[in-house]
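In what follows, a single structure is set out as structure tokens and then discussed.
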Amino acid sequence: MTDDLEQAIDEAAHLIVRARHVVALVGAGLSAESGVPTFRGPEGLWTKHGEPDLRDYERFAQDPKTWWEQRIERAGRYGELVRALETAQPNAGHYALRDLEGTGQLQHIITQNIDNLHQAAGSLAITEIHGNRTKLRCINCNRRWPLDGFPIEELPPHCPDCGGIVKGDTVMFGEPIPHDALEECVNQTRMCDCMLLVGTSAVVYPAAGFPVDVKTSGGTLIECNPNETPLTEISDVVLRAPAGAALPRVAGRVREMSVG
Ligand code: APR
């Protein structure tokens, strides 16, 4: 570990300990060390296969039955991602966020990841702005269910509460962010005075806008990413390292500072 990184870890821990409301904004990079491919960058899914079509959600809304009938074929198209997601386990970065929450030093996680690894690591205060691959969601009332055990007797399935159409909870390209998730993200961003940016390229909105709001309101930003991002220049501390290496060190330093 370089001296610069050691110093950055110390500075990050100081910002976290001094803050009142710490929020982690998480991207695919946190799950990279769990074997889940990221989207951009040299080996990224979109780099290799191209980004999905922004009209995907429009097509679903026009013909949800066909969308449901083609779900097996779609899984085949992203077989690399599906296989990785089915075997992925939380890594040291996920557990470090869980530990920071456990000691009261992290109040909320806003994750762009759909992999359910925060829950698997034991984190509790989570908003999944892009949904969760293990859940279904009614597009009318936003009620969600675990995928396992939901009775799919017809295609498309309908919500037992409101009769709305049910789809995978994962937010599709072109799909509006579910308003309940977005409201919580805005609420958390408003309360946040220190945002920990973990493994996100910070190019997809609205998520990429939350750190700018925190900074504009006088809060601090800590970036944890082996690579530069558009947020690097406004970050107060940069941990230029993989999350699985840096975050446990930050959590350990925070613990040391908290016991005095
Ligand atoms: N630790 C921390 N960061 C890492 C690691 C690691 N081990 N490995 C890679 N990264 C960083 C990369 O440098 C990059 O900045 O993670 C980031 C991943 O960027 P993206 O692949 O663009 O993922 P993300 O920012 O989550 O994308 C946002 O785009 O297509 C949508 O829905 C998709 O939620 C996703 C959103």
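Atoms within each ligand, like the ligands themselves, are counted from 1 in listed order. On a predicted model such as this, the values are computed, not experimentally measured, just so you know.
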Worksheet, complete the sentence: The side-chain hydrogen bond (donor to acceptor under 3.5 Å, both in side chains) partners of S235 (sequence neighbours excluded) come to none

Worksheet item: Does D53 pair with R59 as a salt bridge, N-O distance under 4.0 Å?
Response: yes

Worksheet item: Is the count of non-hydrogen atoms from other residues, nucleotides or ligands lying under 6.0 Å from K65 atom NZ greater than 12?
Response: no

Fill in: side chain to side chain contact (heavy atoms under 4.5 Å, CB included) partners of Q188, counting only residues at least two apart
H21, V23, H108, I110, E184, M191

Worksheet, complete the sentence: Residues pairing under salt bridge (Lys or Arg N to Asp or Glu O under 4.0 Å) where one sits in residues 157-179, two or more places apart or in two chains, turn out to be R137-D169, R137-E175, R143-D161, R144-D169, K167-E175

Contacts table for ligand 1: protein N or O within a distance under 3.5 Å of ligand N or O, distances only.
unit_1   : atom_1 : unit_2 : atom_2 : d
ligand 1 : 1 (N)  : G29    : O      : 3.4
ligand 1 : 1 (N)  : A243   : N      : 2.9
ligand 1 : 7 (N)  : E33    : OE2    : 2.8
ligand 1 : 13 (O) : N225   : OD1    : 2.7
ligand 1 : 13 (O) : N227   : ND2    : 2.8
ligand 1 : 15 (O) : N225   : ND2    : 2.8
ligand 1 : 16 (O) : G199   : O      : 3.2
ligand 1 : 19 (O) : S201   : N      : 3.4
ligand 1 : 21 (O) : F39    : N      : 2.7
ligand 1 : 21 (O) : R40    : N      : 2.9
ligand 1 : 22 (O) : R40    : NH1    : 2.7
ligand 1 : 22 (O) : S201   : OG     : 2.6
ligand 1 : 25 (O) : T200   : OG1    : 2.8
ligand 1 : 25 (O) : S201   : N      : 2.9
ligand 1 : 25 (O) : S201   : OG     : 3.3
ligand 1 : 26 (O) : A28    : N      : 2.8
ligand 1 : 27 (O) : R40    : NH1    : 3.1
ligand 1 : 29 (O) : R40    : NH1    : 3.1
ligand 1 : 29 (O) : R40    : NH2    : 3.2
ligand 1 : 30 (O) : R40    : NH2    : 3.3
ligand 1 : 30 (O) : W46    : NE1    : 2.7
ligand 1 : 32 (O) : H130   : ND1    : 3.4
ligand 1 : 34 (O) : Q112   : O      : 3.1
ligand 1 : 34 (O) : H130   : ND1    : 2.8

Worksheet item: Under 3.5 Å, is there a donor-acceptor pair linking the side chains of T189 and D213?
Response: no

